[in-house]
Amino acid sequence: MYQKKPGVFMADWWDADGRRHRKQFATSAAAREHEHRETALAHAERASREMKLAARTSGTKRSPKTEDGGTIDPAKGKLGVMIPGMGAVATTFVAGVEAIRKGLAKPIGSLTQMGTIRLGKRTDARSPKVKEFIPLAGLDDLVFTGWDIFEDNMYEAASNAGVLDYRLLEQLKPFLSSITPRAAVFDHNYVKKIDGPNVKKGKNKMDLAQQVRDDIREFKKTSGASRLITMWCGSTESYIEPTEAHQSVKSFEKALRENDEFIAPSMIYAYASLMEGVPFANGAPNLTVDLPVMLELSRKNEAPICGKDFKTGQTLMKTVLAPAFKARLLGLSGWYSTNILGNRDGEVLDDPGSFKTKEESKLGVLEHILQPGLYPELYGNMFHKVRINYYPPRGDNKEGWDNIDIFGWLGYPMQIKVDFLCRDSILAAPIVLDLVLFLDLAHRCSTLRGLGIQEWLSFYFKSPMTVPALYPEHDLFIQLMKLKNTLRHLKGEELITHLGLEYYD
Ligand SMILES: NC(=O)c1ccc[n+]([C@@H]2O[C@H](COP(=O)([O-])OP(=O)(O)OC[C@H]3O[C@@H](n4cnc5c(N)ncnc54)[C@H](O)[C@@H]3O)[C@@H](O)[C@H]2O)c1
């Protein structure tokens, strides 16, 4: 749904055949309702077709065999990682990669580095490491650049973020100091709590996009990278809804030239990357690539996209616990989540506009997992509240509390309390690494590169992107199965359905 002009709201949906439709309404509520209804119908139609297809093809679960280097190009040469926003997450990620390369630490939390993947039957005992099963770029091949509104190099930015111990940072100092930020595309209206000197100037937003494209080309040339990835680790931008400017490449480019206020800086980086054929992942909850224009560009230029908002602390827990309640048909009357955090991200989120963007991203999760429409007695009246409070003494060490009111047999109430004393960037860094490597894989893979949105990477996001006709999967274990089955599919391995009847034949 988007607002065309004051008083004109467009419902915008895709039918079961992938055709896009739009219809005009006088209120946003009517447009949203129509869009939801049509989307649900399209989804039901697709599901029924998939079931018919599955019934016809049951017993033939093997996907066509593909070979390394055939439909997946080898990961040859350097992979350039470009990061708008060189703050706590970005520096913890880059410093971590260097520490691991030097043998100073282990890549804990990273599926690509430590995870295994079961192949074939449980009795086959085949569980290679993910990175040995599928051709991924090696850590030694990663090279980095970034943009930020502050002039601090990565060593200074990591020291200011205060996530990593200074003894570790001292050992990485020469490497981290060599990564200095390029001038950023920035608009204070989108991030009200911060301002900095290292900002590009241009005659309009198209000019700024051109400057980012020049940066990308320059980095590719000077770093010698054979492939590139852009990973948004910048601050959360103020909440906006899609407008007509975001509906096609043509309207977006016109809006860039006209300095349209609804084009946020993150969208300029995304546009520049996709125009250069570079995949883009969005770690924040901003719209950024979750827009028709970006899907169009991504498909056209075969540059995969994914987002939004890294799933790290509280939402990770929520997407583990909520599926358990639903699996056991336990009801939920309320879920109150509150956080205290004191890093710069917390300061930015103290602004109501940025908080609203984050809130929307965090709130969608329960609705999608618990499906109150299907289970009205269990989840029809749940109250869900999310708060984030900026509390400087804690720095990056966030504390997330959850009070969960559930009810069981005969309606008897129970409570669960979760108190997660986590480290935000320590949880985010391995996600960044996996996304870099998997997006690069998608880009090298003939099956995935033209799809646009990489839904199989929803495992990593609070608010996963899907095509408009699909609701997102939030359940962490469905997401993990989707990811691993995608890898099996790419290599022509049998998909794992957990049916298991064959063991009892
Ligand atoms: N750490 C987590 O667990 C986590 C989880 C989900 C999402 N995120 C999101 O990841 C992003 C980064 O988090 P962080 O903790 O590193 O924040 P941070 O404040 O430490 O770093 C963000 C950096 O982005 C820079 N920046 C802002 N606008 C920019 C622009 N237009 N161009 C270039 N640089 C820009 C800021 O100057 C800052 O250095 C935030 O949006 C956050 O909400 C973090």
Side-chain angles (χ1 to χ4, degrees), residues 2-6 10 82-86 145-150 181-220 228 230-301 303 305 307-308 348 351 353-354 356-357:
Y2 63 96
Q3 188 169 4
K4 193 169 178 185
K5 50 187 176 189
M10 303 298 291
M82 306 187 293
I83 313 178
M86 288 170 40
T145 190
W147 293 266
D148 207 289
I149 64 171
F150 298 110
R182 295 163 190 274
V185 176
F186 186 68
D187 179 348
H188 185 64
N189 290 322
Y190 276 93
V191 188
K192 297 223 166 60
K193 291 277 178 177
I194 55 172
D195 230 335
N198 193 31
V199 173
K200 291 190 194 307
K201 292 189 175 46
K203 65 177 193 293
N204 56 34
K205 291 185 175 178
M206 182 58 104
D207 182 17
L208 295 172
Q210 192 53 52
Q211 292 180 41
V212 177
R213 293 181 69 177
D214 292 342
D215 286 347
I216 294 173
R217 287 181 199 171
E218 194 271 340
F219 174 60
K220 186 159 191 204
L228 300 172
T230 309
M231 174 73 55
W232 174 267
C233 291
S235 309
T236 300
E237 296 173 330
S238 269
Y239 182 79
I240 52 168
E241 293 206 350
T243 67
E244 201 159 11
H246 306 118
Q247 300 308 309
S248 68
V249 176
K250 200 165 156 221
S251 57
F252 190 80
E253 289 182 338
K254 178 167 174 282
L256 277 174
R257 283 189 291 272
E258 291 171 355
N259 264 334
D260 188 314
E261 60 174 317
F262 291 106
I263 296 190
S266 64
M267 297 175 195
I268 296 179
Y269 291 99
Y271 169 82
S273 298
L274 298 178
M275 287 297 282
E276 293 297 313
V278 175
F280 191 103
N282 178 18
N286 334 306
L287 287 176
T288 312
V289 274
D290 198 2
L291 294 168
V293 46
M294 302 302 173
L295 181 55
E296 186 183 331
L297 265 183
S298 163
R299 285 193 161 143
K300 189 166 141 233
N301 295 344
I305 50 177
K308 334 185 271 279
V348 166
D351 171 64
S354 294
K356 168 109 173 104
T357 311

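Everything numeric here is computed off the predicted structure, so don't read it as measured data. The residues of the chain are indexed from 1 along the displayed sequence.
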Checklist outcome for this item: Across all chains, not counting sequence neighbours, the side-chain contact (heavy atoms from CB on, under 4.5 Å) partners of Ala264 are Tyr190, Glu237, Ser266, Met267

Checklist outcome for this item: Across all chains, not counting sequence neighbours, the side chain to side chain donor-acceptor pair (under 3.5 Å) partners of Glu261 are none

Checklist entry - Any side-chain heavy atom of Ser251 sitting closer than 4.5 Å to one from Glu244? => result no

Item to check | Qualifying residues under salt bridge (charged side-chain N to carboxylate O under 4.0 Å, His left out), relative to Asp290, sequence neighbours excluded | outcome: Lys308

Item to check | Nearest-0.5 Å distance, OG of residue Ser273 to CE of residue Met82 | outcome: 5.0 Å

Checklist entry - Just wondering, do Met86 and Cys233 contact through their side chains at under 4.5 Å, heavy atoms? => result no

Item to check | Any residue meeting side chain to side chain donor-acceptor pair (under 3.5 Å) with Lys200, in chain and number order, not counting sequence neighbours | outcome: Asp215

Item to check | For Tyr271, all residues meeting side chain to side chain donor-acceptor pair (under 3.5 Å), sequence neighbours excluded | outcome: Glu253

Item to check | Those residues that, when tested against Phe186, pass ring-ring contact (aromatic ring centres under 6.0 Å, His included) (two or more places apart) | outcome: none

Checklist entry - Under the side-chain contact (heavy atoms from CB on, under 4.5 Å) test, which residues partner Asn259, sequence neighbours left out? => result Asn204, Lys205

Checklist entry - Closest approach of Pro279 and Leu228, non-hydrogen atoms and distance? => result CD-O, 3.3 Å

Checklist outcome for this item: Residues passing the salt bridge (charged side-chain N to carboxylate O under 4.0 Å, His left out) test with Lys300, sequence neighbours excluded, are none

Checklist entry - Of the non-hydrogen atoms in Val212 and Ala272, which two are nearest, and what is the gap between them? => result CG1-CB, 3.6 Å

Next on the checklist: Under the rule for side chain to side chain donor-acceptor pair (under 3.5 Å), what residues qualify as partners of Arg213, not counting sequence neighbours?
Outcome noted: Glu276

Checklist outcome for this item: With sequence neighbours left out, the residues meeting side-chain contact (heavy atoms from CB on, under 4.5 Å) with Lys192 are Ser238, Asp351

Next on the checklist: Nearest 0.5 angstrom please: Asn198 CG to Ile149 CD1, how far?
Outcome noted: 9.0 Å

Checklist entry - Can you name the residues that form a side-chain contact (heavy atoms from CB on, under 4.5 Å) with Asp214, not counting sequence neighbours? => result Gln210

Checklist outcome for this item: Contacts of Phe280 meeting ring-ring contact (aromatic ring centres under 6.0 Å, His included) (sequence neighbours excluded), chain-then-number -> none

